[in-house]
Amino acid sequence: MKTNFISREDNKVKFSMEFSAEEFENAQIEAYKKNKDQFTIDGFRKGKAPRTIIERHYGEGVFFEDALDELFRENYVKALDELDLEVIDSPAAEFTQLKKGEGFTATITVPVFPEIVVKDYKGVEVEKKEGKVDEKDVDQDIENIRKRNARMVSVDRKAETGDTVYFDYAGFVGDEQFQGGTAEKQTLKLGSGMFIPGFEEELVGVKADEDRDVHVTFPEDYQAENLAGKDAVFHCHIHEVREEQLPDVDDDLAKDATEYETLEELKEATRKRLQEAAEKNAENQMKDEAAEKVMAANEFEIPAVMVNDELDRSINDFAQQMAYSGLNLDMYFKYTNSNMEQLRDQIRPDAEKSVKLRIILQNIARLEGLKCTEEDLNSELEFMAKQYNTDPAEVRKMLGEDSIVYFKKDIQAKKAMDLIYSEAKKVEKAAEAKEEDK
């Protein structure tokens with residue numbers, strides 16, 4: 001196959017793919033092999049009729065369409081790679097007259113990633129931000145470690161807010177026990193807000209082996225319409241009351257809960273980790289501000305197909321997140337009294353913003369000659385491999401070579417964002433603004 005670039009206009013590229021008579025013939029042979037079982041010819045068992053007989057019976061072009069599909073499937077991506085084109089929608093194709101024993105030319109017109117001249121992306125002013133960590137941040141992180149290593153201990157006293165009760169309950173509206181309102185050996189941390197308003201407060205003061213009736217009123221907007229706004233009583237039997245006991249903040253906590261030998265080592269490592277995170281967060285805030293200013297300085301038409309693709313991706317991500325919680329989109333639409341069209345409208349501004357920034361960054365990368373080297377690619381693959389606890393080769397296989405092309409584009413976009421940030425002017429916040437913050 002020979003590829004020829006023809007023209008580029010309004011983000012549409014036209015190019016041709018020329019196929020020789022031999023390539024077209026080989027594709028017809030493969031099409032015959034794959035489809036010969038579909039033809040029934042008198043005097044031949046099914047699938048045994050020679051190609052010439054089938055072509056005589058059904059016309060010499062009987063395998064042309066399948067041959068074209070095969071040639072297009074194998075060579076279209078190669079042509080895009082050869083011409084370094086990133087397409088954003090399906091192509092339209094025109095073919096010269098197809099004849100047996102002759103080659104042909106396919107002329108392709110396809111929408112491609114927009115090329116724009118980005119302006120004012122160097123020297124943007126952003127407010128200088130510094131990542132600061134104080135001792136109370138370190139203490140809070142140590143406190144979180146204590147909570148993760150807390151023990152639940154049974155106590156012989158009345159339950160208090162913060163305690164966990166183990167209990168059975170059966171819910172009634174009037175004299176009728178309602179579905180979904182009964183459970184055994186359930187755990188509930190008092191004050192967590194996991195149950196409907198008023199329920200947990202009425203369990204404060206219970207003791208083990210005690211029975212208590214909890215009277216509540218379901219909210220008017222409760223998801224189960226048959227219970228919304230109704231008064232109910234839950235007959236509860238308390239099996240046990242447990243309190244959370246936290247370990248002491250000492251060297252033993254460091255040894256038992258972390259990789260460090262002393263509390264001071266743990267604090268120093270925590271302080272360093274929090275400082276690095278704070279500095280990275282400050283940098284990301286400045287990058288976001290710089291990106292906003294570059295986007296404001298560059299107005300251009302964003303292809304609708306790219307926005308729709310971004311909307312589809314965002315909704316798929318949203319649906320996957322809900323699936324982890326046992327929910328789905330239909331349930332979400334029911335609870336929020338909305339629909340797919342409203343959801344797409346809701347997230348459209350963010351989708352447009354995301355696409356616009358991607359167009360700007362990739363064009364800066366093109367204008368500045370920022371490339372993704374094999375070293376860059378391998379570094380990113382190694383980073384992902386650590387996250388998935390596997391090796392880079394497995395990550396590359398998981399992504400697939402087609403996705404690697406777009407993965408490289410993302411790396412180029414990161415380089416472009418780093419360029420914007422490195423060239424930005426970090427200015428101190430005005431004194432009056434600082435006073436206002438105080």
Side-chain angles (χ1 to χ4, degrees), residues 123-153 160-164 189-194 200 242-296 321 324-325 350 353-354 357 379-380 382-384 386-389 413-438:
V124 296
E125 287 192 357
V126 296
E127 181 187 307
K128 187 176 181 180
K129 295 178 175 63
E130 295 180 0
K132 293 183 179 180
V133 174
D134 55 35
E135 282 307 303
K136 69 179 181 181
D137 297 318
V138 177
D139 292 341
Q140 182 58 56
D141 203 87
I142 301 297
E143 184 66 16
N144 292 338
I145 294 175
R146 290 182 74 205
K147 290 180 179 179
R148 289 197 297 269
N149 289 273
R151 295 188 306 129
M152 299 303 296
V153 179
E160 301 172 356
T161 299
D163 289 338
T164 296
K189 184 174 183 177
L190 302 184
S192 64
M194 296 298 293
E200 296 172 27
R242 290 186 176 183
E243 71 174 8
E244 186 179 62
Q245 288 189 355
L246 301 176
D248 294 332
V249 181
D250 55 19
D251 289 347
D252 287 337
L253 174 64
K255 289 178 182 178
D256 296 340
T258 74
E259 60 190 287
Y260 303 101
E261 290 297 317
T262 67
L263 179 62
E264 191 53 43
E265 287 179 3
L266 171 59
K267 284 189 173 183
E268 183 58 33
T270 301
R271 194 177 292 110
K272 181 180 179 181
R273 174 172 53 81
L274 292 178
Q275 182 63 43
E276 290 174 351
E279 290 172 359
K280 188 65 179 176
N281 183 55
E283 179 182 310
N284 288 336
Q285 288 182 44
M286 288 187 282
K287 283 184 176 181
D288 288 343
E289 185 179 342
E292 290 285 352
K293 291 193 173 182
V294 174
M295 283 192 286
Q321 290 172 7
Y324 293 137
S325 303
D350 286 339
K353 183 176 175 181
S354 177
L357 181 58
S379 178
E380 286 292 327
E382 287 173 8
F383 177 75
M384 290 183 67
K386 288 180 181 178
Q387 291 183 312
Y388 288 100
N389 195 27
K414 287 180 183 178
K415 286 188 172 186
M417 189 65 249
D418 289 340
L419 174 66
I420 293 174
Y421 176 69
S422 66
E423 296 281 350
K425 297 176 183 176
K426 288 81 173 179
V427 297
E428 295 287 349
K429 180 187 272 190
E432 53 269 24
K434 290 182 179 179
E435 189 62 32
E436 186 177 322
D437 285 347
K438 291 181 183 179

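Every heavy atom of this structure was used, including side-chain atoms; hydrogens, water molecules and symmetry mates were not.
- Side-chain atoms of V124 and V294, non-hydrogen and from C-beta on, do get closer than 4.5 Å to each other.
- When side chains are defined from C-beta on, E127 does not count as touching E428, because their heavy atoms never get closer than 4.5 Å.
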- Could you walk me through whether E243 and Q245 pass side-chain hydrogen bond (donor to acceptor under 3.5 Å, both in side chains), step by step? CA-CA 6 Å; E243 71 174 8; Q245 288 189 355; 3.2 Å; yes

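- Sorted by first then second residue, the salt bridge (charged side-chain N to carboxylate O under 4.0 Å, His left out) pairs that include residues 413-427, not counting sequence neighbours, are K287-D418, D376-K415, E380-K414.
- Closest approach of L253 and I145 over heavy atoms only: CD1-CG2, 4.2 Å.
- Side-chain contact between L190 and E160: absent, with no pair of heavy atoms (C-beta onward) separated by less than 4.5 Å.
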- Task: Kindly indicate, with the supporting measurements, whether the criterion salt bridge (Lys or Arg N to Asp or Glu O under 4.0 Å) is fulfilled by E289 and K129.
- Result: CA-CA 11 Å; E289 185 179 342; K129 295 178 175 63; 3.4 Å; yes

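- Contact annotation: the side chain of L266 approaches that of I142 to within less than 4.5 Å [non-hydrogen atoms, C-beta and beyond].
- Considering every non-hydrogen atom in both K147 and L246, the closest pair reads CA-CD2, 3.7 Å.
- Sorted by first and then second residue, the pairs that involve residues 268-278 and meet salt bridge (charged side-chain N to carboxylate O under 4.0 Å, His left out), not counting sequence neighbours, are E135-R271, D141-R273, E268-R271.
- Partners of K267 according to the salt bridge (Lys or Arg N to Asp or Glu O under 4.0 Å) rule, which considers only residues two or more places apart in sequence or in another chain, do not exist here.
- Counting heavy atoms from C-beta on, the side chains of E244 and T164 never come closer than 4.5 Å.
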